[in-house]
Q: 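Have a look at the structure that comes next, please.
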Amino acid sequence: MLSKKECVAMLLAGGQGTRLGVLTQEVAKPAVPFGGKYRIIDFPLSNAVNSGINTIGILTQYQPFELNQYIGNGQPWDLDRLNGGAFILPPYQKAKSGEWYKGTANAIYQNINFIDRFNPEYVLILSGDHIYKMDYSLMLKSHKENNADCTIAVINVPLEEASRFGIMNTDENNKIYEFEEKPQNPKSTKASMGIYVFTWEKLRAYLIRDEENKNSSNDFGKNVIPMMLAENQNMYAYEFNGYWKDVGTISSLWEANMDVLYPECGINLNDPKWKIYSRNMAEPPHYSGPDSQICNSIISEGCNVNGKITNSIIFTGTDVETAAEISDSIIMPGAVIKEGARISHAIIGWNAVIGENCIIGTRQKAPVKGQWPIAVVGPKYKLEAGSILKAGEMIGGNQNA
Amino acid sequence: MPNIMSILYASGNESKLNELTLHRTTASLPFGGRYRLIDFTLSNLVNSGITSIGIITRSNYSSLMDHIRMGRDWDLNRKNSGIAVFPPFVLNTSREIYKGKIEALYTVLDFLKRAKEEYVVISNCNIAANIDFEDVYKKHIEKEADITILCKEGKTTTSRRIVLNKDTDNIIRDMYISESSSSDEKLISLNIYMIKKSLLISLVERSYARGYLDFEKDILFKMVDQNKIYAYEVPGYAAIVDDIKTYYGESMKLLNFDVREQLFGKENKIYTKVKDSVPTIYQANAKVKNSLIADGCIINGTVENSILFRNVRIEEGAVVKNSIIMESGVVQKDASLQYAITDKDVTISESRNISGFITYPIVIVKGKTV
């Protein structure tokens, strides 16, 4: 019998993230590199640990190997615990059946036994596709104070964008009376962040009922939450005011990385009180060569930089050769940018090689609606010397994958 | 799994390293932007499959304990074997802390005897190199050596260095101590030895009983004639850090690409304590050339031919040239620094101007504000 945990976190990390194209062809979205030395999953994991939650089930399904290896025994996040810690939870064969995770709620349903082992009061549901720093213990406190059955984290979005989100309509006490998925005419600007606290006993019962409904798509947003609301369960919104960004698309992934260059955006990673942990690659310090010109950029360990870099993020172990020019771009771990290559407004996948004098993301005269189309070179792709990749184009990936 | 264990001396040459070892052992001296000297030896051992490691300390060893903790960062927190740190042991017979390596080894005889491995690597912790001990072991067996001494071609310095003379078969015919600097290249001992454990134990017990103290003079030198001592030349870069001048010189060699390739080679990584710093940020006025820069720095000034450790801040208009700035150093606005080594947590105040000379770099003590 394991000792009781007040709150167990379940991190949904099985999504494919199709909108990230070649970047998520061989790895799950939460394993995508971010911010120079991190992966997307470092954010919810570090948040949970910093919030005092040290039992975390990580639900994997799509391309799990990279993620499994990255998480390992959870030690980089201080999750190698005697009691609790990090648990990778792939779908598994049961006595009567065995199936893939059909939806977010079904993924939790299939792991009811796992959660029951810790006999928790509360379950925190997280997803692996957002960049933010959040103290979940405050959300849990609000859940307890409201004596709620379910608390949903919300963030205020501009009214004109509200129709892209799941919107919570609440009373003055933040009690939710209505939930609208991507409403045409939003009545509020409180968008769901996909972070839920449930009283486990309640959620457990609803998951079982939801599973019995053959027409359900077994999704929290589409099925479980509307059903709980329809039955007048005590549901509250928890307002979060910090930086939060979904990195589900190429342009949002690019933007969120760029935000790291400007801590005034709200995502200051250099905060000793709220560190973001990641698995260390044991690389030496980076080297800036005699011809390097670097400004407004982040350079990680293990890089050899000898080119011109502006407004960019250079990830661990990248080589940038002489006379290469990189601006407004993200160069993921282990990439090699050969002599004279010019890269702007691009994401270069890990271990890609950009040949001599390639031109990537041709400059445009003016940004369209404040957004640049981002060129993407897939992981491990070798772009031949002298190639040109236009703004917004994507290259690489395995056609047979 | 090789049949080898290891004993490391954390101290040595502290008097010649002056201010840099006021608060620490030589083993925990910061080196190469994010490492401590002992990281190289520990990583080499672990990369060669040697995981039973005892570290003998003498004084000021709290920084070392803090760095190593349970050895997890080197994958040495093992169920079997792993790392053991020995604080100074007061011998019953002398009522004093050990003098010399022989007494030091005598204090850990139990650890040696208890270990199941048959061979021992004995090493100082003032070496930065990438050494494959499996290869050393192979040669040691092949040559049927009694002792193998790791060495490299190098210059003597004013610190105590042991010069080896070998024959064409790489067997050592003569060895002597040199304490004068010379620009001639000689075969210099790295003071890393491989020896059969049973032989080591009997040598230490015999020498201790006769009151001998010095492992090199009293044991090795006497063995040259009767025993087979094999000289193993370490391929690639190997630094011995034994005074301020060599510390500075060897650090600066890391700005060379080939030296870094040899030291941090792609396969045998050098591990160190993980601190979860953010990557380094270059701000709008950063001008950095030919420098090695660790994570967590914020740079908005000029940095040339220098090494910055973790979390260093270079403010606007500040100029740092030919210098080594250890962890959490701050060079404030318009200050300038040349040929300097600043220890941890040093602040150079606004518009200060500090300069040493290439052969005599100025050292600023830990925690000071200039």
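Chain identifiers are assigned alphabetically (A, B, ...) following the order of the sequence lines, protein sequences preceding nucleic acid strands; residue numbering begins at 1 within each chain.
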Q: Quick one: do the Ser52(B) and Ser81(B) side chains pair a donor with an acceptor below 3.5 Å?
A: no
Q: With side chains defined as the heavy atoms from C-beta onward, is the minimum distance between Val320(A) and Ile309(A) less than 4.5 Å?
A: yes
Q: Let me know if Thr280(B) has heavy atoms under 4.5 Å from chain A in its side chain, its backbone, both or neither.
A: both
Q: Classify the angle between the aromatic ring planes of His130(A) and Trp244(A) as parallel (below 30°), tilted (30 to 60°) or perpendicular (above 60°).
A: tilted
Q: Name all residues meeting the ring-ring contact (aromatic ring centres under 6.0 Å, His included) criterion together with Tyr70(A); count only those two or more places apart in sequence or in a different chain, and write none if there are none.
A: Trp77(A)
Q: Does any part of the side chain of Asp73(B), heavy atoms only, come nearer than 4.5 Å to the side chain of Thr272(B), both counted from C-beta?
A: no
Q: Could you tell me whether the side chain of Tyr271(B) reaches within less than 4.5 Å of the side chain of Asn47(B), counting heavy atoms only?
A: yes
Q: Identify which part of Tyr35(B) has an atom lying under 4.5 Å from any heavy atom of chain A, answering side chain, backbone, both or neither.
A: side chain
Q: Name, in order of residue number, those residues of residues 246-255 of chain B that have a heavy atom at a distance of less than 4.5 Å from a heavy atom in chain A; otherwise write 'none'.
A: Leu255(B)
Q: Chain A contacts: which residues in residues 282-293 of chain B have a non-hydrogen atom closer than 4.5 Å to it?
A: Tyr282(B), Gln283(B), Ala284(B), Ala286(B), Val288(B), Lys289(B), Asn290(B), Ser291(B), Leu292(B), Ile293(B)
Q: Pick one: which of Cys297(B), Pro30(B), Ser277(B) meets side chain to side chain contact (heavy atoms under 4.5 Å, CB included) with Arg310(B)?
A: Ser277(B)
Q: Answer yes or no: is there an ion pair linking Lys275(A) with Asp78(A), defined by an N-O contact shorter than 4.0 Å?
A: no
Q: Would you indicate whether the side-chain heavy atoms of Lys275(B) and Arg34(B) approach each other to under 4.5 Å?
A: no
Q: Using the test ring-ring contact (aromatic ring centres under 6.0 Å, His included), find all partners of Phe34(A) that sit at least two apart in sequence or belong to another chain.
A: Phe43(A)
Q: Tell me, side chain or backbone of Ile270(B) under 4.5 Å from chain A's heavy atoms, or both, or neither?
A: backbone
Q: Do Asp295(B) and Lys37(A) sit within salt-bridge range, that is, some charged N less than 4.0 Å from a carboxylate O?
A: yes
